[in-house]
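Some notes on the structure that comes next.
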Amino acid sequence: MKRLLFLTPVALFVVLIGVFFVSLQRDPSLLPSMLIGKPVPAFNLPPVRPGDQGFANADLGGEPMLLNIYASWCAACRIEHPMLMRLRREGVTIHGLDWKDEPEAGFGVLQNQGDPYARVGNDRSGRVGIDLGVSGAPETFVIDKAGKVRYRHVGAISIEDWDQKIRPLMERLKAEL
Amino acid sequence: MKRILLITAAVTALSGTAWAVEPDEMLADPKLEARAHDLSREVRCVVCQNQSIDDSDAALARDLRIIIRERIAAGDSDDQALAFLTSRYGSFVQLNPPMRADTLALWFGPLAVLLLGAVGTFVYIRGRSPDKAAALSAVEEAELADLLKHDVVKSDGTKRNEAG
């Protein structure tokens with residue numbers, strides 16, 4: 001018994017090492033979204049493409065889709081862009097939200113790098129992004145058939161993110177009634 | 001030397017805390033502005049996570065400061081304005097976290113560790129006190145008496161036990 005008591009600090013130390021080891025690998029910028037399982041808050045945004053219809057929350061749902069937050073000032077969005085173009089070619093529906101940006105600048109991105117979006121709206125004040133709990137660009141929400149948020153991805157979508165997390169989730173959502 | 005010290009003291013006294021709040025964000029009513037200021041010191045910036053939005057220069061922090069001022073100017077209570085932000089960014093943004101089932105460890109963890117330490121110290125000190133030391137058994141007493149009987153003082157003054 002006494003020997004066991006002497007071992008307690010060692011045991012606590014081992015537990016602490018475990019906690020630190022897990023925490024080191026955790027990215028503190030990945031905050032849980034408050035919207036998971038909830039419908040996207042109401043919004044109605046002006047278009048990014050001149051003469052196009054805008055983008056409203058009523059456009060979401062019907063099928064599993066992505067809602068991508070981007071901006072012309074966002075460097076990581078440039079890295080992510082080819083991935084979005086690839087997904088569009090593969091038939092994934094992606095809507096865009098041009099966050100805290102001038103619509104002309106947001107449109108310039110689509111002209112120069114290609115346009116992966118079905119609908120895209122300009123959120124110049126950034127208020128719709130704030131309603132979504134966006135902390136930066138790029139961010140991507142997975143929306144289910146009912147128009148509810150099911151997943152939030154922070155940062156550019158990598159091939160691994162798509163293959164391991166987002167595509168399997170979208171396939172599951174497709175099978176949902 | 002004295003003069004340098006005086007100048008340093010004067011300069012330090014004059015320079016207030018630098019806040020990130022820009023003059024154009026401030027509310028005209030000093031009472032409301034003071035409330036907004038106090039509230040935004042309690043809200044964590046989600047971009048630079050260890051700063052409050054009051055301290056942060058991030059564009060999003062500025063937007064949130066403006067939102068807090070809008071809500072307060074529109075007649076929201078402090079709690080309502082804070083709820084507006086926590087419903088979007090979660091209670092993570094509260095630098096002063098609420099007491100809830102999932103924050104109990106945060107609130108009482110340090111106390112639990114302190115209690116654990118107190119219990120450990122108590123047990124240790126009690127185990128060390130002399131009255132707790134076990135008395136000699138009958139066999140040990142006999143052994144000791146035997147040893148003392150054979151105890152001799154040698155010519156050089158050192159004590160030692162002679163065998164047998």
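These numbers come from the heavy atoms of this one structure, side chains and all, not from hydrogens, waters or symmetry mates. Residue numbering restarts at 1 for every chain, and letters A, B, ... go by the order of the sequence lines.
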Ion pair check, D102(B) and R100(B), cut-off under 4.0 Å: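 Answer for the salt bridge query: yes.
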
Salt bridge present between D38(B) and R35(B) (N-O < 4.0 angstrom):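 Looking at D38(B) and R35(B), the cut-off is not met.
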
Side-chain donor or acceptor of R88(B) paired with backbone N/O of F84(B) under 3.5 Å: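 The answer is yes, because a donor-acceptor pair under 3.5 Å joins these two groups.
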
Heavy-atom donor-acceptor pair, H95(A) side chain to L60(A) backbone, under 3.5 Å: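 Checked: no pair found.
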
F92(B) portion near chain A, given a 4.5 angstrom heavy-atom threshold: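 Contact with chain A involves the side chain of F92(B) alone.
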
Which portion of A58(B) sits near chain A, non-hydrogen atoms under 4.5 angstrom: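 Neither; nothing under 4.5 Å.
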
Over all atoms of both residues, closest heavy-atom pair of V46(B) and L60(B):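 Scanning both residues, the minimum pair turns out to be CG2-CD2, 3.4 Å.
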
Heavy-atom pair count under 4.5 Å with chain A, highest-scoring of I67(B), V93(B), I66(B):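 When all of I67(B), V93(B), I66(B) are compared, I67(B) has the most.
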
Residue part contacting chain B, namely of W73(A), when any heavy atom lies under 4.5 Å: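 Contact with chain B: none, neither part.
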
Engaged part of T8(A) at the chain B interface, taking heavy atoms whose separation is under 4.5 Å: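 Answer is neither: T8(A) stays 4.5 Å or more from chain B.
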
